[in-house]
Number of protein chains: 2
Amino acid sequence: MSEQETPKARPAVRTLSDLARIAGVSAGTVSRALAGNSLVNTATRERIVALARDHGFRPNKMASSLRRQKTDVIGIAIPLGHDSRQQISDTFFITLLGHLADALTERGYDLMLRRVIPERDEDWLDRFIGSGMIDGLLVIGQSDQFDRIEDAADGYLPMVVWGNHAEGQRHCVVGTDNRLGGRLATERLIESGARHIYFLGDTSAVEFAARYAGALDAAGRSGVTVTPLTSHLSSDRLEAEVAANLDRSFERGDAIFAATDTLAIASLARLKALGIAVPDQVRIVGFDDLPLAAQTTPPLTTVRQDIRAGAFAMVDLLIRRISGEDTESIVMPPRLVVRRTA
Amino acid sequence: MSEQETPKARPAVRTLSDLARIAGVSAGTVSRALAGNSLVNTATRERIVALARDHGFRPNKMASSLRRQKTDVIGIAIPLGHDSRQQISDTFFITLLGHLADALTERGYDLMLRRVIPERDEDWLDRFIGSGMIDGLLVIGQSDQFDRIEDAADGYLPMVVWGNHAEGQRHCVVGTDNRLGGRLATERLIESGARHIYFLGDTSAVEFAARYAGALDAAGRSGVTVTPLTSHLSSDRLEAEVAANLDRSFERGDAIFAATDTLAIASLARLKALGIAVPDQVRIVGFDDLPLAAQTTPPLTTVRQDIRAGAFAMVDLLIRRISGEDTESIVMPPRLVVRRTA
DNA sequence: ATGAAAGCGCTAACAT
DNA sequence: ATGTTAGCGCTTTCAT
């Protein structure tokens, strides 16, 4: 079709050269003018800028990226666990994503979001890194991909991961001290009378494994039992899974340490349905301190992570890494928020 | 330092030509081989593919996009209202985003997420569209940008918007029949004894305005009053705002129709804090039916939108539009879910 | 079945 | 202060 689709009766000006022709200058000058390069004569620049506006010209970012070898795009990878629909719907990750979006937008970056299913795509990390589409990569959650992330980090500096920090690890991570958080939560449960604690969460994810380890730390000192109960974060199955676990196990337990608030809230609902009193019969502590946690009935006792601070830290580190600095990881202290469930 | 099977030992092969040189063929052949083009000799192809794997070669997507004039990336724009932090944290949008990510990933597209603040950037839509970075655009929520979206739609086919459908509009939209939903909610409130209903939400967003209109429809027939109470979705202020509104107004009202479940849940919490019984003194109906709605105390009566179906519909329409079809909008029927708050 | 060559639209080094 | 030119890394004719 050679017919104009634009309401304006002019031939669309889509490229720098189009605009250059109209302005009676060279493409180079247009490029410089639009970039605000001080070399161009002010009058020329203003004329070109006006022309660009009038004709609705937008430079093609692909071409620019290719030429500059810089895309101004940050990749965000969300590794999903075995269960292909795990986690992305988890409120915590989503909240983190929102803050990352804030922080990156503020710094002039676009976000390229990619959900990855490591089981189905072994090569997810290198593929994303090598795509040439991104200037840096943020990974939200290590899932069970710790080793693969380590490998990638050896050859790729501009990557920051949200997750757990292990002694001597090579990738740059921002996260909460999960083990300490787990200990705080469990200590609280014990203080409020727990003897048989269920840890609800998937310990194959390293963050959760650390929380579980913290629970064991706390229990070790007091003779309290801590039993892991695998529960995934998939929103469609979460409720059923929690229900099944609790129904089956609760004659024996008197407390739940849920790996996330989402899980804690689901448990709370289930216990209510079962007619089990919280915290009198069963105590619950969550993890994250989502806004929601304050609004449950009774309000949830939980371990707070400062998600917003974490997101901004990730972006800050990433930008420093993009400019070549080999930054250290940041481990943030968790804080126990005592409400009414324990 | 390790120098093993990793590409470190050899000069990295980053480009097609690098690989071509190693394989002893031309760049064109490598390109064809990697694309699975049937023209290339099977043996050659296999050799090249193996070589690519061994050397960890990944084609540069920017270059490919530029050449093919196709990026395999879909833009997702989230217009934020006046209050610059409105909405993105709203669970509804986030849930929608998750499903969109599912649907797009399934179809082989990447997602480029951009939060836009229309007040600060008049040109947000055309800038995104014209960037050359995306093959199509999904807009999550019309906010107060209806006219601008209409304008853009005239010159840009591959765009689908989540939001409200108005008679004769030109942009393709997927959404719930908000007005009907508003009517259903309000009818329910009236049935359960409401006489003075507060509509909680920002009616400058067209989706919410339609819900409010539906409320008026329902009230019109029964002499019940409906008073709008502007409330934004900003997560930090939401609670305070709801509190202020309710504290000030509740000697007069006996029901709340909240424009979203998020708002409804905040109201519920506030009423509880004020010692007002729900639903005996004040009835509440929400909108969305988030997973959470079933878990509040008492469980929330609300109007269900099928978010997942909506997301898949958006992607389906978008892909048809990308291939040139001028698709119709889809308006999905809302469904009243009666629980315990009204 | 493969190679050579011409760009995609932009930027930057090197001219003037 | 501006023009000219040579690519960025890939895909795709057009030849052979």
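The pair A:Asp123-B:Arg58 counts as a salt bridge, with a side-chain nitrogen and a carboxylate oxygen less than 4.0 angstrom apart. Remark: A:Asp316 engages A:Arg107 in a salt bridge, criterion side-chain N to carboxylate O under 4.0 Å.
In this structure, B:Arg114 forms a cation-pi arrangement with B:Phe128, its terminal cationic atom sitting closer than 6.0 Å to the ring centre and no more than 45° off the ring axis.
Across all strands shown, B:Ser65 has no heavy atoms under 4.0 Å from either base or sugar-phosphate atoms.
The CZ-P distance, from A:Arg47 to D:dA1, rounds to 15 Å in whole Å. The CG atom of B:Leu34 sits 16 Å away from the P atom of D:dG9 (whole-angstrom rounding). As a whole-Å value, the separation of B:Glu46 CD from C:dA1 P is 14 Å. Distance B:Asp72 CG to D:dC10 P: 15 Å, rounded to the nearest Å. If you take CZ of B:Arg21 and P of C:dG3, they are 14 Å apart, rounded to a whole angstrom. If you measure from atom CG of B:Asn37 to atom C1' of C:dG3, you get 14 Å, rounded to the nearest angstrom.
At a cut-off of 3.5 Å, with distance as the only test, no side-chain donor of B:Arg320 or B:Thr327 sits close to an acceptor on the other residue.
A ring pair (Phe, Tyr, Trp, His ring centres under 6.0 Å) check over residues 22-54 of chain B, counting only residues at least two apart or in different chains, returns nothing.
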* Structure fact -> In 5'-to-3' order, the base (B), backbone-only (S) or no-contact (-) status of each nucleotide in nucleotides 9-16 of chain C, using a 4.0 angstrom heavy-atom cut-off, is BBBBB---
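Between the side chain of A:Glu150 and the backbone N or O of A:His171, at least one donor-acceptor pair lies under 3.5 Å.
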